[in-house]
Amino acid sequence: MSKIFIDACFGRPTPYTPVWMMRQAGRYLAEYRAVREKAGTFLDLCRNPELAAEVTLQPVEIVGVDAAILFSDILVIPLEMGMNLSFVAGEGPVFSDPIRSREDLERLRSAEETAPRLEYVYETIRLVKERLPEDKAFIGFAGAPWTLATYMIEGQGSKTYTLSKKMLYTDPELLHAILRKTTEAVKLYLARQIEAGVEAVQIFDSWAAAIEPAKYDEFSWKYMVEIAEYLKERYPHVPVILFPKGIAAFIERGWVYGNFDVFGVDWGTPMALAKEKLGDRYVLQGNMEPTRLYSKEATQECVAALANLMKEGRHIFNLGHGILPDVPVENARHFVRLAQELSRRD
Ligand code: CP3
C-alpha cells in the first residue's frame, strides 16, 4: 500500500498534503505525561522500548498526523559514545564530562562500538512497526553532527555556543575530528534504524544558526550531506529530510546542495523564498510558527496561506520548529485537520 507521506517526500501526486509536527510525541499530551511518569526519568523512557513505542504511536491516534516519529532523543548518540548525560528538570540536558581536548575525544567509543549499543532504539522501532496503521509512515531521526557537537563541547544547551565557536576558529582540526567521529556514528545509527523498520529519516540541525554563513558548509552542511548520500546510496527508497534551523541567509545565497529528498523549512524562513530558491530541487516541509498553535485563527491564516502557495504539491505540512509543551491538544488536532482539508486535491 502506498503511503501518502512517502509519496509526498518523493514529489509524487497525493490526494492531500500530509502533515506531522516536530516534537509531536511530548508533554502537550496528557497521555505522554502519564507514560513518562510511569517510566521514571526521560532517559528511562527512551531506553524502555515498550513505553517508547507507546508514546511514538500516541500522536497518530490522538492528533491524526500522517506519520509517526520515533520517540527518542538526539543525545542518545553521545550518551552511547560514553558521555555522562542527565536531564535536569527546568535546565534540559547536561553532560558532566564535556569534550574540550583530543584526549577527551579519544575516550569516546567508535561508531562501530556505539551503533550496537542503541539496540533499545531498534527494538522500539520493531514494536512500533507491528502496531502502526498501514497508511501511516514511520520517521526515524538523528541530530546533525554540528548540533550534537555543540552539546558535547558546551556540556549543556547554550545561548552563545562560545566554546564550540571558539574551537571552530582556534582549533578547527579538533572540531573536525569531533564532527568526523559523530558523523560516522550517525551514519551507522540511521542505517540500523532503517534496517529495523523506519521508512524515512530526518536529520535535525537545530543550532545551525549559531555558525556564520561563510563557515556553515564546512562545519555542518557538508557532514549532513555526507550522511544523506551514504543513506541514499544504500536505501534509495527511504526519503531523507534535512532540517537546518535558522539559515535563511544560506538559502538566500542558493548554497543548498546534496542528494536528499526533503528540505525542512524553519519558521524564520519565508516559504515563498524557500520555494523560489529550492522548490524545483527538493520537496519542502514546514513551516508554521509553532506559537501560532495557541490561536485557531492564527493557525487557520497560516495553513490557508501555505496551502495556497504550495497548491501544486511538493510540500509536507509541519511546524517550523517543535510544538510547545502547553499547546492545547484540541489546537494541534485543529492544525492537522485543517492542513489535510485545505490541501485536498481530489
Ligand atoms: O519529535 C518527536 O516527537 C520525537 C522525539 C524527540 C525528542 N527530542 C523528545 C524529547 C525528538 C525528535 C527530539 C530531538 C531533539 N532533542 C532535538 C532536535 C529537535 C529540536 O527541537 O530542535 C534537540 C535539540 C534535543 C535535545 C533536547 N532533548 C533538549 C534541549 C531537551 C530539553 C528541552 C525540553 O523540551 O525539555 C530534550 C528533552 C526532550 N526530548 C523531551 C522530549 C519529549 C522532554 C523531556 C521530558 O519529558 O521532560
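Values reported hereafter were calculated over all heavy atoms of this structure, with side chains retained and with hydrogens, waters and symmetry mates removed. Residue numbers start at 1 and run along the sequence shown.
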Participant: Taking only residues two or more places apart in sequence or in another chain, which ones pass side chain to side chain contact (heavy atoms under 4.5 Å, CB included) with Asp135?
Facilitator: Met1, Pro133

Participant: Check the hydrophobic clustering (I, L, V, M, F, W, Y; side-chain heavy atoms under 4.5 Å; chains of links allowed) and say if Leu231 and Ile6 are grouped together.
Facilitator: yes

Participant: So, taking the atom named CG in Leu319 and the one named CG in Asn287, what distance separates them when rounded to the nearest 0.5 Å?
Facilitator: 9.5 Å

Participant: For a salt bridge (Lys or Arg N to Asp or Glu O under 4.0 Å) check, start with the C-alpha distance between Glu112 and Arg117, then their side-chain angles and the critical distance, and finish with the verdict.
Facilitator: CA-CA 9 Å; Glu112 290 72 20; Arg117 296 178 61 90; over 6 Å; no

Participant: Going through the checks in order, is the ring pair (Phe, Tyr, Trp, His ring centres under 6.0 Å) test met by Phe219 and Trp146?
Facilitator: CA-CA 7 Å; Phe219 289 95; Trp146 163 254; 7.5 Å; no

Participant: Hey, any chance Val303 and Leu309 share a hydrophobic cluster, counting ILVMFWY side chains that come within less than 4.5 Å of each other, even indirectly?
Facilitator: yes

Participant: Write out all pairs satisfying salt bridge (Lys or Arg N to Asp or Glu O under 4.0 Å) with one or both partners inside residues 236-263, taking only residues at least two apart or from two chains.
Facilitator: Lys232-Asp261

Participant: Go through the structure and list residues passing side chain to side chain contact (heavy atoms under 4.5 Å, CB included) with Pro325, not counting sequence neighbours.
Facilitator: Arg27

Participant: Taking Ile99 as the fixed residue, which of Asp104, Leu175, Leu174 is the one that meets the side chain to side chain contact (heavy atoms under 4.5 Å, CB included) rule?
Facilitator: Asp104

Participant: Nearest 0.5 Å please: distance from the OG1 atom of Thr299 over to the CZ atom of Arg292.
Facilitator: 8.0 Å

Participant: Applying salt bridge (Lys or Arg N to Asp or Glu O under 4.0 Å) to Glu123 and Arg47, what does each step give before you reach the verdict?
Facilitator: CA-CA 10 Å; Glu123 179 59 17; Arg47 286 186 292 225; over 6 Å; no

Participant: Is there a side-chain hydrogen bond (donor to acceptor under 3.5 Å, both in side chains) between Ser2 and Asp7? Walk through the geometry before answering.
Facilitator: CA-CA 7 Å; Ser2 93; Asp7 282 344; 3.0 Å; yes

Participant: Is any side-chain N of the basic residue among Lys165 and Glu212 closer than 4.0 Å to the acidic one's carboxylate O?
Facilitator: no

Participant: What is the distance from atom CZ of Arg100 to atom CG of Asp171, rounded to the nearest 0.5 Å?
Facilitator: 13.5 Å

Participant: Evaluate side-chain hydrogen bond (donor to acceptor under 3.5 Å, both in side chains) for His334 paired with Gln300, printing each intermediate quantity in order.
Facilitator: CA-CA 9 Å; His334 171 77; Gln300 158 99 31; 4.9 Å; no

Participant: Measure the spacing between CZ of Arg345 and CD of Glu312 and express it to the nearest 0.5 Å.
Facilitator: 9.0 Å

Participant: Nearest 0.5 Å, what's the NZ-CZ distance between Lys181 and Arg109?
Facilitator: 10.5 Å

Participant: Under 3.5 Å, side chain of Thr41 to main-chain N/O of Asp44, donor-acceptor pair present?
Facilitator: yes

Participant: Might you point out which heavy atoms bring Gly197 and Phe138 nearest each other, and give the distance in Å?
Facilitator: O-CD2, 4.1 Å

Participant: Rounded to the nearest 0.5 Å, what separation is found between the CG atom of Leu148 and the CG atom of Leu179?
Facilitator: 9.5 Å

Participant: Show me the pairs that pass salt bridge (Lys or Arg N to Asp or Glu O under 4.0 Å) and involve residues 187-206, at least two apart or across chains.
Facilitator: Lys3-Glu199, Lys129-Glu199, Glu184-Lys187, Lys187-Glu226

Participant: Donor-acceptor check, side chain of Gln202 to backbone of Ala142, threshold 3.5 angstrom: yes or no?
Facilitator: no

Participant: Would you kindly confirm whether Val198 and Ile4 end up in one hydrophobic cluster when ILVMFWY residues are joined by side chain heavy atoms under 4.5 Å apart?
Facilitator: no

Participant: Can I get a per-line list of side-chain donor-acceptor pairs under 3.5 Å for residues 52-77, giving both atom names and the distance, sequence neighbours left out?
Facilitator:
unit_1, atom_1, unit_2, atom_2, d
Thr56, OG1, Ala52, O, 2.7
Thr56, OG1, Phe71, N, 3.0
Gln58, OE1, Tyr32, N, 3.2
Gln58, NE2, Glu31, O, 3.1
Asp66, OD1, Tyr16, OH, 2.6
Asp66, OD2, Val19, N, 2.9
Asp66, OD2, Gln340, NE2, 3.1
Asp73, OD2, Leu75, N, 3.0

Participant: Treating Ile, Leu, Val, Met, Phe, Trp and Tyr as nodes and any side-chain heavy-atom pair under 4.5 angstrom as an edge, say whether Trp267 and Ile241 lie in one connected cluster.
Facilitator: no

Participant: Can you name the closest pair of heavy atoms from Cys9 and Val283 and give their distance?
Facilitator: O-CG2, 3.5 Å

Participant: Got a sec, which pairs hit salt bridge (Lys or Arg N to Asp or Glu O under 4.0 Å) with one end in residues 317-339, sequence neighbours left out?
Facilitator: Lys296-Glu330, Glu330-Arg333, Glu330-Arg337

Participant: Quick check: closest heavy atoms across Glu154 and Ser164, and the distance to 0.1 Å?
Facilitator: OE2-OG, 2.6 Å

Participant: With ring pair (Phe, Tyr, Trp, His ring centres under 6.0 Å) as the criterion, how do Trp221 and Phe260 come out once you've worked through the C-alpha distance, each side chain's angles and the decisive distance to 0.1 Å?
Facilitator: CA-CA 12 Å; Trp221 187 254; Phe260 63 96; 5.7 Å; yes

